[in-house]
Amino acid sequence: MSYRTHNCTELTKKHVGKEVTLSGWVHKRRDLGGLVFVDLRDRYGMTQVVFNPDMVKDFKIAEKLKYEFVIKVVGKVEARQKENINKDLATGEIELMASEIEVLSEAKAMPFEIFETNKGDEDEDLRLKYRYLELRREKLKNNILFRARVEKYIREYMDSRDYVHIATPILTVSSPEGARDFLVPSRVHPGKFYALPQAPQQYKQLLMVAGFDKYYQIAACMRDEDARADRSPGEFYQLDVETSFKTPEEFFQEMEPLFIELTEKVAGKKVMSKPFPRIPFKSAMEEYGSDRPDLRYDLKMIDVSEWASGTEFNVFKEAEHVRVLVVPNGDKFTRKEIDNEFTDKAKRAGAKGLAWMKHTEGKFEGGVSKFFDAGKLEALTKLVDVKENAILFFSADKWEGSCKALGPVRELAAEKLELIDENLIAWAWVVDFPMYEWDEEREKVDFGHNPFSMPQGGMDDLLNKDPLDILAHQYDIIANGLELSSGAVRNKDPKIMYKAFEIAGYTKEQVDEEFGHMIDAFEYGAPPHCGFAPGIERLVMLLLGEPNIRRVVPFPKNQKAEEPMMGSPAEASDDQLKELSLKIVQDKK
RNA sequence: GGACCGGUAGUUCAACUGGCUAGAGCACCGCCCUGUCACGGCGGAAGUUGCGGGUUCGAGCCCCGUCCGGUCCGCCA
């Protein structure tokens, strides 16, 4: 009577002779006239069902089956003849000889095929509209199942280390820092709005004040910002973690095994270096041209400012910083690749151009080599380890520009030279981010990242150092060129907080108005605390090697933040608007 | 808000420098087939070439505008 006694992946030779019931979708059918084969599919796998007119009660039903019908089949497990074994199928040694068949649900013709004959390249809007069908596809289904395994592993890891799972409010208040908020109108309070949380940042810090010294949550975060390939518009999830009474180093050591185990045990990939390197922000920028470098390959930049200032090449002579990236075997890059692709990368990163020269058979040639005499070129070989055949890319700019220009050049070179091992994950902590940075536009000092981070030297540094030299207890965890999360030791000292904000140009009154409740809380006994919040989708993308975030989200939004299946966002009815005391002013197009 | 790439049967693609009655695979419909597993065979239906305008004897192809999608920049822990 039951719908199934087994699923579609578990029947093996051991079950031969047994009568079983399977239910699932008709994945493929092969109608040979007097004999019908059906690949029956469910979440777990696939089993071949054979309908033989001599064995099955109602063969006519079997003949009328279409793709994606949901059926129930009763039958006997039979071993396949040797020549009929399918090695590509997990259940390929057996088949189900049907005795009864029942159609549980018919299906219309699919808007696209579930069986991926077309590599899953159909128009994405179409696939999003029928996401429930796309989710039947092997690859996407496995991605979602993989994500569930990752999240389960995370929960078990955190639980086993005594972290407390606490849900924080979804309806909360707008925060002045960071991204645009999603607002939710209040019915009870006309004209007032809740905001959806961009992150549970303030709540988790308040939980520390409350004494829940180890907190975690796989938290929904909502931000009204535009999409990227690795960024969902609207919403995403973070593994939100905060802990009291731990130094950052202790925190790193507690969290590192989670990422190692996820890489090795769940994803079956290799970790590049254990423990994870701790790379100061400054070196990351100067050596790799990025604050989230891909460490799977070497390729480091070298500072040649001093050498450059002594040359007759004006661009180099006048620049504050000149850096060089030596790419072994890069001499084979064509003029077209250099002028178009590499130069384009550098320009997009803010450079005016990209200087280069090749080193072939012991000689510098091409590009800017003509600007330097033999002596200068000889001097250069003493500074940089020039491989026999190589290309040298130069950047010349102020500190930040000289670093950033070569970062994407480095990535492109690695890609072209196939230096990237897809089976490797190079985790690292980037530490010592600057507390402040210079805001060129507004010509003032502003917070580099999170204003709630503790300055490393505390009040002493704030009082005595050039703000731009002050480092924060702020760190990122990165992998393969992705930033998984930033984190920090939080500033829980009201005096230091007022001073930190003062340096960035905020008055005490402004701070009180916007963060008064936080400061208030810190005045009732706040433990030192730190934490981070890695993005779940990015983590899963990284572990799977998927380039697009929509491949790891079950029901994603498109680039315009719409969900074509449900049709969100949608207009509200006049009654709803009235109840919420809202009026739509802008013309509907 | 901006830049770039794309839009041809349900779907994936094709159609040379403008010559077309817009083709093919899969899906769909009908018939045949008892060992298939991307089953095979025969036949059929399926299109305002995103939309609007222009150039031309003639436009899927060229031009202008517009809409839609993706990637990137801006924005964003």
Side-chain angles (χ1 to χ4, degrees), chain A residues 27-40 46-55 59 63 66-68 78 80-89 91-92 95 97 107-130 133 175 177-181 198-201 219 221-234 236 238 240 291-292 344-345 347-350 408 433 448-453 474-478 482-488 531-535 538 547-548 550 558-560 562 564 589:
Chain A
H27 186 68
K28 275 266 164 189
R29 69 191 149 88
R30 291 175 292 278
D31 185 346
L32 275 62
L35 199 61
V36 175
F37 295 92
V38 162
D39 291 335
L40 194 66
M46 209 115 71
T47 300
Q48 174 164 279
V49 182
V50 188
F51 296 96
N52 186 319
D54 303 332
M55 313 289 283
F59 187 67
E63 286 183 303
K66 304 285 180 211
Y67 283 9
E68 299 303 313
E78 290 191 353
R80 294 200 195 186
Q81 301 285 326
K82 233 179 206 165
E83 63 271 22
N84 289 333
I85 288 175
N86 184 346
K87 277 177 274 174
D88 299 330
L89 196 64
T91 59
E95 62 195 3
M97 186 56 75
K108 293 201 285 188
M110 296 294 120
F112 51 79
E113 283 157 72
I114 306 304
F115 178 78
E116 291 179 62
T117 46
N118 296 319
K119 300 175 209 154
D121 279 343
E122 292 84 1
D123 179 68
E124 188 159 37
D125 227 34
L126 181 79
R127 284 182 284 126
L128 288 183
K129 191 175 166 192
Y130 296 99
L133 297 181
S175 85
E177 282 297 323
R180 275 187 287 267
D181 288 308
Q198 297 182 17
Q201 179 69 31
C221 303
M222 277 70 77
R223 290 174 196 165
D224 188 4
E225 296 296 344
D226 291 339
R228 284 293 180 280
D230 65 350
R231 203 168 76 199
S232 293
F236 61 97
Q238 289 183 336
D240 196 41
D291 61 357
R292 45 179 175 81
D344 186 59
K345 287 281 180 194
K347 280 186 176 170
R348 280 168 176 272
F433 278 83
H449 290 267
N450 192 321
F452 302 110
S453 302
Q474 164 112 25
Y475 43 82
D476 281 2
I477 182 164
I478 63 161
L482 271 181
E483 181 207 307
L484 266 292
S485 168
S486 59
F532 72 169
R538 286 210 184 152
N548 193 302
R550 292 185 297 278
N558 65 18
Q559 191 166 252
K560 291 215 169 127
E562 301 158 334
K589 274 186 183 170

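In the text below, chain A, chain B and the rest are named by the order of the sequence lines, each starting its count at 1. Everything quoted here is computed from the prediction, not taken from an experiment.
- The backbone N or O of I478(A) lies less than 3.5 Å from no partner atom in the side chain of D476(A), so there is not a single donor-acceptor pair.
- Checking A45(B) for Watson-Crick or G-U wobble geometry (two distances, each under 3.5 Å) identifies no partner in any strand.
- Nucleic acid contact for D88(A): none, since no nucleic acid atom lies under 4.0 Å from a heavy atom of the residue.
- Look at the P atom in both U55(B) and A15(B): the space between them is 28 Å, to the nearest Å.
- For G35(B), the OP1/OP2 oxygens have no side-chain nitrogen or oxygen of Q81(A) closer than 4.0 Å.
- Using a 4.0 Å heavy-atom distance criterion, D54(A) is classed as a base contact.
- Whole-Å rounding puts the Q559(A) CD to G2(B) P distance at 14 Å.
- The side chain of N84(A) has C37(B) as its nearest neighbour among U34(B), C37(B), C26(B).
- Taking 4.0 angstrom as the limit, K28(A) places none of its side-chain polar atoms (N or O) nearer than this to OP1 or OP2 of A38(B).
- In this structure, K129(A) atom NZ and C68(B) atom P are separated by 16 Å, rounded to whole Å.
- At distances below 3.5 Å, at least one donor-acceptor pair connects side-chain atoms of T91(A) with backbone N or O atoms of M46(A).
- The pair D344(A)-R348(A) counts as a salt bridge, with a side-chain nitrogen and a carboxylate oxygen less than 4.0 angstrom apart.
- With rounding to whole Å, E124(A) atom CD is found 12 Å from U12(B) atom P.
- In this structure, the side chain of R231(A) engages the main chain of D226(A) through a donor-acceptor pair within 3.5 Å.
- For a distance-only test at 3.5 Å, the side chain of E113(A) fails to qualify as a donor-acceptor partner of the base of G25(B).
- Between the side chain of Q48(A) and the base of U36(B) there is at least one donor-acceptor pair of N/O atoms closer than 3.5 Å.
- Nucleotides A46(B) and C4(B), compared at atom C1', are 35 Å apart to the nearest Å.
- Interface remark: the R550(A) side chain does not form any donor-acceptor pair with the G70(B) base, using a distance-only criterion of under 3.5 Å.
- The side chain of K66(A) lies closest to G30(B) when the candidates are C72(B), G30(B), C37(B).
- At a cut-off of 3.5 angstrom, the base of G74(B) holds at least one donor-acceptor pair with the side chain of D226(A).
- In this model, the phosphate group of C39(B) is approached by a side-chain N or O of R30(A) to a distance below 4.0 Å at OP1 or OP2.
- Put simply, the side chain of Q198(A) gets close to the backbone of A179(A): a donor and an acceptor are under 3.5 Å apart.
- A distance cut-off of 5.5 Å between ring centres, combined with a plane angle under 30°, places F37(A) in a stacking arrangement with the base of U36(B).
- Looking at the side chain of N548(A), the nearest of the listed nucleotides G70(B), U71(B), A27(B) is U71(B).
- Between G69(B) and K560(A), a contact under 4.0 Å exists linking OP1 or OP2 to a side-chain N or O.
- Atom CD in E63(A) sits roughly 15 Å away from atom C1' in U36(B) (whole-Å rounding).
- Taking atom CD of E78(A) as the reference point, atom C1' of G35(B) lies 12 Å away to the nearest angstrom.
- Across the P atoms, A45(B) and G30(B) are found 15 Å apart, a figure rounded to whole Å.
- In this structure, of C76(B), U36(B), U11(B), it is U11(B) that holds the atom nearest to the side chain of L126(A).
- The partner of C75(B), taking Watson-Crick or G-U wobble pairs whose two distances both stay under 3.5 Å, does not exist in any strand shown.
- Rounded to an integer number of Å, the gap from L32(A) CG to C32(B) C1' is 12 Å.
- Using a cut-off of 4.0 Å between Lys/Arg side-chain N and Asp/Glu carboxylate O, D230(A) and R538(A) are scored as salt-bridged.
- If you take atom C1' in U48(B) and the same atom in G40(B), they sit 37 Å apart, rounded to whole Å.
- The side chain of N52(A) places no N or O atom within less than 4.0 Å of a non-bridging phosphate oxygen (OP1 or OP2) of G35(B).
- In this structure, CG of D125(A) is placed 6 Å from P of G70(B), rounded to the nearest angstrom.
- The existence of a salt bridge linking D39(A) and R30(A) is confirmed by a sub-4.0 Å separation between a basic side-chain nitrogen and an acidic carboxylate oxygen.
- Regarding contacts with the backbone of G70(B), every side-chain N or O of R228(A) stays at 4.0 angstrom or more from both OP1 and OP2.
- One interatomic measurement links the two molecules: CZ of R180(A) to P of G74(B), which rounds to 14 Å at whole-angstrom precision.
- C26(B) and G10(B) make up a base pair, with Watson-Crick or G-U wobble contacts both under 3.5 Å.
- Across U36(B), C75(B), U71(B), the shortest atom-to-atom separation from the side chain of R231(A) is found for C75(B).
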